[in-house]
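Indexing begins at 1, ligand by ligand and atom by atom, following the structure's order. Just so we're clear, the structure is a prediction, and the values are computed from it rather than from any experiment. Side chains included, hydrogens not; waters and symmetry mates left out as well; all remaining heavy atoms used.
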Amino acid sequence: MEVSLFMSDLKTLTIRDLGHSILGSHQIVIIPHKNPDGDAIGSSLGLWHYLKEKKLNCSVIVNDSVPDFLYFLPEVDQITTFESDPERSKGLMARADMIFCMDYGQLHRCGDLQGHIESSNATKVVIDHHPKPETNFDFMYHQIAASSTSELVYMFLKELDPGYIFSKNAGMCLYTGILTDTGCFRHAFRPETFMTAAELLKTGISYEFIVSNIFDTNTPEKMKLIGFALDQKMKILKEYRTAYISISFEESEKLGLKKGDTEGLVNYALSIQNMVVGAFFYEREKGKTKISLRSKGNFAVNEMSGKYFGGGGHKNAAGGEFAGTAEESVAKFLDIIPQYKDELASLEIGKRD
Ligand code: 5GP
Ligand code: MN
(Lines give C-alpha, C1' and ligand atoms only; values in the text may rest on other atoms or scores of the structure.)
(Ligands and ions follow the chains in the order given, each with its own letter.)
Protein backbone atom coordinates (compact mmCIF):
# COMPACT_ATOMS: atom_id res chain seq x y z
CA MET A 1 0.00 0.00 0.00
CA GLU A 2 1.47 3.35 -1.03
CA VAL A 3 1.60 5.53 2.05
CA SER A 4 3.75 8.59 1.68
CA LEU A 5 5.33 9.57 4.93
CA PHE A 6 7.44 12.65 4.54
CA MET A 7 9.76 13.88 7.20
CA SER A 8 11.00 17.39 7.59
CA ASP A 9 14.64 18.38 7.34
CA LEU A 10 14.62 19.63 10.91
CA LYS A 11 13.32 16.59 12.71
CA THR A 12 13.24 13.04 11.48
CA LEU A 13 10.40 11.37 13.26
CA THR A 14 9.40 7.78 12.73
CA ILE A 15 5.91 6.70 13.70
CA ARG A 16 7.47 5.07 16.78
CA ASP A 17 9.15 8.35 17.79
CA LEU A 18 5.86 10.08 17.21
CA GLY A 19 4.10 7.55 19.42
CA HIS A 20 6.54 8.36 22.24
CA SER A 21 6.06 12.10 21.71
CA ILE A 22 2.29 11.70 21.82
CA LEU A 23 2.44 9.77 25.08
CA GLY A 24 4.81 12.37 26.56
CA SER A 25 2.82 15.39 25.46
CA HIS A 26 1.04 17.69 27.92
CA GLN A 27 -1.38 19.40 25.58
CA ILE A 28 -2.41 18.08 22.18
CA VAL A 29 -4.46 20.29 19.87
CA ILE A 30 -6.31 18.91 16.85
CA ILE A 31 -7.31 21.41 14.16
CA PRO A 32 -9.65 20.58 11.25
CA HIS A 33 -9.89 22.93 8.27
CA LYS A 34 -12.16 25.98 8.30
CA ASN A 35 -15.78 25.45 7.26
CA PRO A 36 -15.28 21.86 8.36
CA ASP A 37 -17.13 19.03 6.66
CA GLY A 38 -17.97 15.53 7.90
CA ASP A 39 -14.48 14.25 7.23
CA ALA A 40 -12.67 17.15 8.89
CA ILE A 41 -14.78 16.82 12.04
CA GLY A 42 -15.04 13.02 11.92
CA SER A 43 -11.28 12.52 11.59
CA SER A 44 -10.49 15.13 14.26
CA LEU A 45 -13.03 13.87 16.78
CA GLY A 46 -12.14 10.24 16.03
CA LEU A 47 -8.49 10.95 16.83
CA TRP A 48 -9.59 12.96 19.90
CA HIS A 49 -11.54 9.97 21.26
CA TYR A 50 -8.48 7.74 20.86
CA LEU A 51 -6.21 10.23 22.65
CA LYS A 52 -8.77 10.75 25.44
CA GLU A 53 -9.03 7.00 25.90
CA LYS A 54 -5.25 7.05 26.38
CA LYS A 55 -5.86 9.66 29.14
CA LEU A 56 -4.06 12.40 27.22
CA ASN A 57 -4.87 16.08 27.43
CA CYS A 58 -6.28 17.03 24.07
CA SER A 59 -8.69 19.44 22.45
CA VAL A 60 -10.18 19.95 19.03
CA ILE A 61 -10.24 23.60 17.94
CA VAL A 62 -12.26 24.58 14.89
CA ASN A 63 -11.90 28.00 13.27
CA ASP A 64 -15.58 28.80 12.75
CA SER A 65 -18.27 26.26 13.66
CA VAL A 66 -19.33 22.65 13.47
CA PRO A 67 -22.17 22.18 10.95
CA ASP A 68 -25.51 21.31 12.59
CA PHE A 69 -25.83 17.93 10.87
CA LEU A 70 -22.79 16.66 12.78
CA TYR A 71 -24.20 17.36 16.22
CA PHE A 72 -25.09 13.71 16.67
CA LEU A 73 -21.40 12.78 16.96
CA PRO A 74 -20.29 11.65 20.43
CA GLU A 75 -18.94 14.53 22.54
CA VAL A 76 -19.01 16.97 19.64
CA ASP A 77 -19.85 19.64 22.23
CA GLN A 78 -16.30 19.31 23.58
CA ILE A 79 -14.98 21.04 20.45
CA THR A 80 -13.68 24.56 21.04
CA THR A 81 -14.52 27.23 18.48
CA PHE A 82 -11.90 29.87 17.79
CA GLU A 83 -14.35 32.53 16.60
CA SER A 84 -16.67 32.25 19.60
CA ASP A 85 -14.04 31.39 22.20
CA PRO A 86 -10.76 33.03 21.12
CA GLU A 87 -9.29 33.29 24.61
CA ARG A 88 -9.68 29.61 25.41
CA SER A 89 -8.40 28.72 21.93
CA LYS A 90 -5.32 30.93 22.28
CA GLY A 91 -4.60 29.49 25.71
CA LEU A 92 -4.75 25.94 24.34
CA MET A 93 -2.53 26.91 21.40
CA ALA A 94 -0.01 28.55 23.71
CA ARG A 95 0.23 25.38 25.82
CA ALA A 96 0.22 22.94 22.88
CA ASP A 97 3.27 20.74 22.50
CA MET A 98 1.68 18.67 19.73
CA ILE A 99 -0.61 19.88 16.95
CA PHE A 100 -2.51 17.70 14.49
CA CYS A 101 -3.70 19.35 11.27
CA MET A 102 -6.58 17.31 9.93
CA ASP A 103 -7.89 17.10 6.36
CA TYR A 104 -5.70 19.84 4.82
CA GLY A 105 -2.05 20.14 3.92
CA GLN A 106 -1.90 23.90 3.48
CA LEU A 107 -2.07 25.99 6.61
CA HIS A 108 -4.17 28.78 5.11
CA ARG A 109 -7.01 26.24 5.07
CA CYS A 110 -7.44 26.51 8.83
CA GLY A 111 -8.38 30.19 8.87
CA ASP A 112 -7.31 32.45 11.72
CA LEU A 113 -5.59 29.58 13.49
CA GLN A 114 -2.85 29.60 10.83
CA GLY A 115 -0.68 32.20 12.60
CA HIS A 116 -1.02 30.38 15.92
CA ILE A 117 0.16 27.15 14.35
CA GLU A 118 3.06 28.85 12.57
CA SER A 119 4.31 30.56 15.71
CA SER A 120 3.96 27.45 17.89
CA ASN A 121 6.98 25.34 18.83
CA ALA A 122 4.80 22.23 19.09
CA THR A 123 5.47 19.11 17.05
CA LYS A 124 3.28 19.47 13.99
CA VAL A 125 1.63 16.51 12.35
CA VAL A 126 -0.60 16.45 9.30
CA ILE A 127 -3.05 13.71 8.37
CA ASP A 128 -4.55 14.41 4.98
CA HIS A 129 -5.53 13.17 1.54
CA HIS A 130 -5.45 16.38 -0.53
CA PRO A 131 -2.90 16.90 -3.32
CA LYS A 132 0.05 19.27 -2.91
CA PRO A 133 0.57 19.46 0.84
CA GLU A 134 3.12 21.85 2.28
CA THR A 135 6.13 20.06 3.70
CA ASN A 136 6.91 22.14 6.77
CA PHE A 137 5.41 19.61 9.18
CA ASP A 138 7.36 17.33 11.51
CA PHE A 139 5.38 14.28 10.48
CA MET A 140 3.07 13.70 7.54
CA TYR A 141 0.62 10.88 7.16
CA HIS A 142 -0.52 11.66 3.68
CA GLN A 143 -2.08 9.63 0.93
CA ILE A 144 -4.04 11.00 -2.01
CA ALA A 145 -5.56 7.63 -2.85
CA ALA A 146 -7.34 7.44 0.50
CA SER A 147 -11.07 8.13 0.40
CA SER A 148 -10.89 10.44 3.36
CA THR A 149 -8.74 11.64 6.21
CA SER A 150 -10.89 9.47 8.47
CA GLU A 151 -9.75 6.38 6.58
CA LEU A 152 -6.17 7.58 7.12
CA VAL A 153 -6.75 8.08 10.85
CA TYR A 154 -7.83 4.45 11.03
CA MET A 155 -4.62 3.36 9.24
CA PHE A 156 -2.52 5.76 11.32
CA LEU A 157 -3.84 4.41 14.62
CA LYS A 158 -3.36 0.84 13.42
CA GLU A 159 0.31 1.61 12.78
CA LEU A 160 0.79 3.74 15.86
CA ASP A 161 -0.89 1.41 18.30
CA PRO A 162 -1.46 -2.04 16.74
CA GLY A 163 -3.10 -3.36 19.90
CA TYR A 164 -5.77 -0.66 20.00
CA ILE A 165 -9.33 -1.92 19.82
CA PHE A 166 -11.35 0.86 18.23
CA SER A 167 -14.05 2.19 20.51
CA LYS A 168 -17.61 2.81 19.40
CA ASN A 169 -17.07 6.56 19.80
CA ALA A 170 -13.99 6.64 17.60
CA GLY A 171 -15.74 4.26 15.19
CA MET A 172 -18.76 6.51 14.83
CA CYS A 173 -16.64 9.58 14.07
CA LEU A 174 -14.35 7.87 11.56
CA TYR A 175 -17.22 6.07 9.86
CA THR A 176 -19.01 9.41 9.48
CA GLY A 177 -15.93 10.93 7.82
CA ILE A 178 -15.69 8.08 5.32
CA LEU A 179 -19.40 8.16 4.62
CA THR A 180 -19.53 11.91 3.98
CA ASP A 181 -16.35 12.19 1.88
CA THR A 182 -17.40 9.27 -0.32
CA GLY A 183 -21.01 10.45 -0.65
CA CYS A 184 -22.26 7.27 1.00
CA PHE A 185 -19.63 5.13 -0.80
CA ARG A 186 -20.42 6.47 -4.26
CA HIS A 187 -16.88 7.85 -4.51
CA ALA A 188 -15.07 4.99 -2.84
CA PHE A 189 -12.60 3.56 -5.29
CA ARG A 190 -10.48 1.08 -3.45
CA PRO A 191 -10.91 -2.02 -1.29
CA GLU A 192 -9.15 -0.43 1.72
CA THR A 193 -12.03 2.02 2.12
CA PHE A 194 -14.61 -0.74 2.37
CA MET A 195 -12.36 -2.85 4.58
CA THR A 196 -11.87 0.09 6.95
CA ALA A 197 -15.61 0.73 7.00
CA ALA A 198 -16.23 -2.94 7.76
CA GLU A 199 -13.75 -2.84 10.66
CA LEU A 200 -15.39 0.29 12.03
CA LEU A 201 -18.83 -1.33 11.84
CA LYS A 202 -17.47 -4.01 14.17
CA THR A 203 -17.18 -1.37 16.92
CA GLY A 204 -20.93 -1.70 17.33
CA ILE A 205 -22.00 1.52 15.65
CA SER A 206 -25.40 1.72 14.03
CA TYR A 207 -25.09 2.29 10.29
CA GLU A 208 -28.76 3.30 10.10
CA PHE A 209 -28.40 5.86 12.87
CA ILE A 210 -25.42 7.50 11.20
CA VAL A 211 -26.87 7.47 7.68
CA SER A 212 -30.19 8.91 8.76
CA ASN A 213 -28.47 11.62 10.80
CA ILE A 214 -26.35 12.65 7.85
CA PHE A 215 -28.56 12.17 4.83
CA ASP A 216 -32.14 12.43 6.10
CA THR A 217 -32.05 15.71 7.94
CA ASN A 218 -33.23 18.11 5.26
CA THR A 219 -35.37 20.93 6.57
CA PRO A 220 -38.44 22.07 4.62
CA GLU A 221 -36.51 25.30 3.88
CA LYS A 222 -33.67 23.34 2.36
CA MET A 223 -36.04 21.32 0.19
CA LYS A 224 -37.58 24.57 -1.04
CA LEU A 225 -34.11 25.89 -1.82
CA ILE A 226 -33.33 22.77 -3.84
CA GLY A 227 -36.60 23.19 -5.74
CA PHE A 228 -35.91 26.86 -6.44
CA ALA A 229 -32.28 26.27 -7.41
CA LEU A 230 -33.07 23.43 -9.80
CA ASP A 231 -36.10 25.11 -11.30
CA GLN A 232 -34.90 28.68 -11.63
CA LYS A 233 -31.16 28.82 -11.19
CA MET A 234 -29.65 25.87 -12.99
CA LYS A 235 -28.11 26.31 -16.42
CA ILE A 236 -26.92 23.56 -18.70
CA LEU A 237 -24.08 24.13 -21.17
CA LYS A 238 -24.65 21.08 -23.31
CA GLU A 239 -21.67 21.64 -25.61
CA TYR A 240 -19.35 21.79 -22.59
CA ARG A 241 -21.07 18.97 -20.71
CA THR A 242 -21.36 21.36 -17.79
CA ALA A 243 -24.25 22.29 -15.54
CA TYR A 244 -24.11 25.06 -12.95
CA ILE A 245 -26.21 26.75 -10.32
CA SER A 246 -25.68 30.22 -8.90
CA ILE A 247 -27.20 31.95 -5.89
CA SER A 248 -26.73 35.70 -5.47
CA PHE A 249 -26.39 37.43 -2.12
CA GLU A 250 -29.88 38.93 -2.51
CA GLU A 251 -31.37 35.49 -3.18
CA SER A 252 -29.52 34.04 -0.24
CA GLU A 253 -30.93 36.78 2.02
CA LYS A 254 -34.43 36.33 0.64
CA LEU A 255 -34.32 32.58 1.16
CA GLY A 256 -32.87 33.05 4.64
CA LEU A 257 -30.09 30.57 3.93
CA LYS A 258 -28.12 29.25 6.84
CA LYS A 259 -24.70 27.67 6.85
CA GLY A 260 -24.81 24.22 5.31
CA ASP A 261 -28.12 24.78 3.49
CA THR A 262 -26.43 24.74 0.09
CA GLU A 263 -24.38 21.62 0.87
CA GLY A 264 -24.78 19.01 -1.85
CA LEU A 265 -26.54 21.29 -4.37
CA VAL A 266 -23.63 21.02 -6.79
CA ASN A 267 -24.15 17.26 -7.00
CA TYR A 268 -27.56 17.75 -8.61
CA ALA A 269 -25.88 19.63 -11.45
CA LEU A 270 -23.32 16.86 -11.91
CA SER A 271 -25.93 14.11 -11.75
CA ILE A 272 -27.52 15.17 -15.04
CA GLN A 273 -27.04 12.64 -17.79
CA ASN A 274 -23.88 13.16 -19.85
CA MET A 275 -22.52 16.00 -17.70
CA VAL A 276 -18.82 16.00 -16.80
CA VAL A 277 -18.65 19.18 -14.73
CA GLY A 278 -21.01 20.50 -12.07
CA ALA A 279 -20.44 23.96 -10.61
CA PHE A 280 -22.06 25.97 -7.87
CA PHE A 281 -21.54 29.68 -7.26
CA TYR A 282 -22.70 30.94 -3.91
CA GLU A 283 -22.36 34.60 -2.97
CA ARG A 284 -22.19 34.02 0.76
CA GLU A 285 -21.28 37.62 1.55
CA LYS A 286 -21.95 40.66 -0.57
CA GLY A 287 -19.35 40.56 -3.36
CA LYS A 288 -17.68 37.35 -2.14
CA THR A 289 -18.52 34.11 -3.91
CA LYS A 290 -17.70 30.55 -2.87
CA ILE A 291 -17.25 28.19 -5.78
CA SER A 292 -17.77 24.44 -5.66
CA LEU A 293 -16.70 22.28 -8.57
CA ARG A 294 -17.36 18.61 -9.19
CA SER A 295 -16.40 16.39 -12.09
CA LYS A 296 -16.48 12.85 -13.37
CA GLY A 297 -13.63 10.65 -14.58
CA ASN A 298 -10.29 12.21 -15.36
CA PHE A 299 -11.37 15.82 -15.69
CA ALA A 300 -9.45 17.60 -12.92
CA VAL A 301 -11.48 20.42 -11.39
CA ASN A 302 -8.81 21.06 -8.74
CA GLU A 303 -6.52 22.35 -11.50
CA MET A 304 -9.23 24.69 -12.77
CA SER A 305 -9.98 25.86 -9.28
CA GLY A 306 -6.30 26.43 -8.47
CA LYS A 307 -5.63 28.30 -11.68
CA TYR A 308 -8.67 30.56 -11.77
CA PHE A 309 -10.30 30.66 -8.34
CA GLY A 310 -7.39 30.59 -5.91
CA GLY A 311 -8.55 27.27 -4.54
CA GLY A 312 -7.78 23.59 -4.76
CA GLY A 313 -9.07 20.24 -3.64
CA HIS A 314 -9.35 16.83 -5.24
CA LYS A 315 -9.49 15.86 -8.91
CA ASN A 316 -13.27 15.38 -8.79
CA ALA A 317 -14.24 17.72 -5.94
CA ALA A 318 -12.67 21.12 -5.55
CA GLY A 319 -13.51 24.62 -4.47
CA GLY A 320 -12.32 28.17 -4.38
CA GLU A 321 -13.38 31.75 -3.85
CA PHE A 322 -13.90 34.77 -6.05
CA ALA A 323 -13.87 38.40 -5.00
CA GLY A 324 -17.00 39.38 -6.87
CA THR A 325 -20.70 38.70 -7.14
CA ALA A 326 -22.13 35.33 -8.14
CA GLU A 327 -22.90 36.83 -11.55
CA GLU A 328 -19.30 37.98 -12.02
CA SER A 329 -18.01 34.57 -10.95
CA VAL A 330 -20.27 32.88 -13.48
CA ALA A 331 -19.03 35.30 -16.15
CA LYS A 332 -15.44 34.31 -15.37
CA PHE A 333 -16.36 30.63 -15.46
CA LEU A 334 -18.07 31.09 -18.84
CA ASP A 335 -14.85 32.71 -20.12
CA ILE A 336 -12.77 29.78 -18.94
CA ILE A 337 -14.85 26.77 -19.84
CA PRO A 338 -14.57 26.95 -23.69
CA GLN A 339 -10.84 26.13 -23.55
CA TYR A 340 -11.78 22.71 -22.13
CA LYS A 341 -14.30 21.92 -24.88
CA ASP A 342 -12.30 19.18 -26.61
CA GLU A 343 -11.25 17.54 -23.36
CA LEU A 344 -14.81 17.57 -22.07
CA ALA A 345 -16.22 16.25 -25.33
CA SER A 346 -13.78 13.35 -25.52
CA LEU A 347 -14.11 12.18 -21.94
CA GLU A 348 -15.53 8.73 -21.47
CA ILE A 349 -17.57 8.85 -18.30
CA GLY A 350 -16.97 5.98 -15.98
CA LYS A 351 -13.40 5.43 -17.18
CA ARG A 352 -10.47 6.37 -14.98
CA ASP A 353 -6.85 5.34 -14.75
P1 5GP B 1 -16.72 22.09 -1.30
O2 5GP B 1 -17.13 22.37 -2.69
O3 5GP B 1 -17.49 20.95 -0.72
O4 5GP B 1 -16.69 23.30 -0.44
O5 5GP B 1 -15.21 21.61 -1.37
C6 5GP B 1 -14.82 20.47 -2.06
C7 5GP B 1 -13.36 20.22 -1.82
O8 5GP B 1 -12.63 21.28 -2.41
C9 5GP B 1 -12.98 20.23 -0.35
O10 5GP B 1 -12.89 18.93 0.12
C11 5GP B 1 -11.63 20.89 -0.33
O12 5GP B 1 -10.67 19.91 -0.54
C13 5GP B 1 -11.59 21.74 -1.57
N14 5GP B 1 -11.80 23.18 -1.35
C15 5GP B 1 -12.96 23.83 -1.19
N16 5GP B 1 -12.76 25.16 -1.06
C17 5GP B 1 -11.44 25.35 -1.15
C18 5GP B 1 -10.60 26.52 -1.10
O19 5GP B 1 -11.05 27.66 -0.96
N20 5GP B 1 -9.26 26.30 -1.22
C21 5GP B 1 -8.74 25.05 -1.40
N22 5GP B 1 -7.40 24.92 -1.50
N23 5GP B 1 -9.49 23.96 -1.46
C24 5GP B 1 -10.81 24.08 -1.34
MN1 MN C 1 -11.54 14.91 3.42
Tell me which protein heavy atom sits closest to [atom], plus the residue, atom name and distance to 0.1 Å.
atom	result
atom 19 (O) of ligand 1	Gly320 CA, 3.7 Å
atom 21 (C) of ligand 1	Gly312 N, 3.2 Å
atom 10 (O) of ligand 1	His130 NE2, 3.7 Å
atom 20 (N) of ligand 1	Gly311 CA, 3.5 Å
atom 7 (C) of ligand 1	Ala317 O, 3.5 Å
atom 4 (O) of ligand 1	Lys290 NZ, 3.0 Å

Side chain to side chain contact (heavy atoms under 4.5 Å, CB included) with Phe209: which residues, sequence neighbours excluded?
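Testing Phe209 for side chain to side chain contact (heavy atoms under 4.5 Å, CB included), a comparison that skips the adjacent residues, returns Phe72, Met172, Ser206, Asn213.
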
Would you check whether [X] has a nitrogen or oxygen atom less than 3.5 angstrom from a nitrogen or oxygen atom of ligand 1?
X	answer
His108	no
Ser292	yes
Gly319	yes

When you measure from the centre of the six-membered ring of Phe309, is the NZ or CZ of Lys332 closer than 6.0 Å and no more than 45° off the axis?
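Geometry flag: set, cation within 6.0 Å and 45°.
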
Between the side chains of Arg294 and Asn316, is a donor N or O closer than 3.5 angstrom to an acceptor N or O?
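No donor-acceptor contact under 3.5 Å links the two side chains.
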
Scan side-chain atoms only and decide if Asn63 and His33 contain a donor-acceptor pair under the 3.5 Å cut-off.
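There is no such pair between these side chains.
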
Taking Ala40's backbone N and O only, do any of them form a donor-acceptor pair with Ser44's side chain (distance below 3.5 Å, no angle check)?
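Yes; judged by distance alone, with no hydrogens or angles, the pair exists.
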
Expected output: side-chain Ser43 to main-chain Asp39 donor-acceptor under 3.5 Å
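Yes.
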
Opening angle at the Mn ion (ligand 2) [OD2, Asp39; OD1, Asp103; to 10 degrees]:
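An angle of 90° at the metal.
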
Given atoms NE2 of His129 and OD2 of Asp181, what angle do they subtend at the Mn ion (ligand 2), to the nearest 10 degrees?
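An angle of 90° at the metal.
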
Min heavy-atom dist Arg109 to ligand 1 below 4.0 Å:
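Within the 4.0 Å threshold, so yes.
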
Would you mind checking if Glu239 and Lys341 are paired as a salt bridge, meaning a charged N to carboxylate O distance below 4.0 Å?
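Answer for the salt bridge query: yes.
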
I'd like to know if Glu251 and Lys233 make a salt bridge, using a cut-off of under 4.0 Å between side-chain N and carboxylate O.
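The answer is yes: the pair qualifies as a salt bridge.
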
Would you say the ring centroid of His130 lies under 6.0 angstrom from that of His142?
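So the answer is no for these two rings.
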
With atoms numbered from 1 as shown, which atoms in ligand 1 lie under 4.0 angstrom from a non-hydrogen atom of Gly313?
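So the answer, numbered in order with elements, is 8 (O), 12 (O), 13 (C), 23 (N).
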
Should one rank Lys132, Arg294, Glu263 by closest heavy-atom distance to atom 3 (O) of ligand 1, which comes out on top?
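Comparing heavy atoms across Lys132, Arg294, Glu263, the nearest one to atom 3 (O) of ligand 1 lies in Arg294.
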
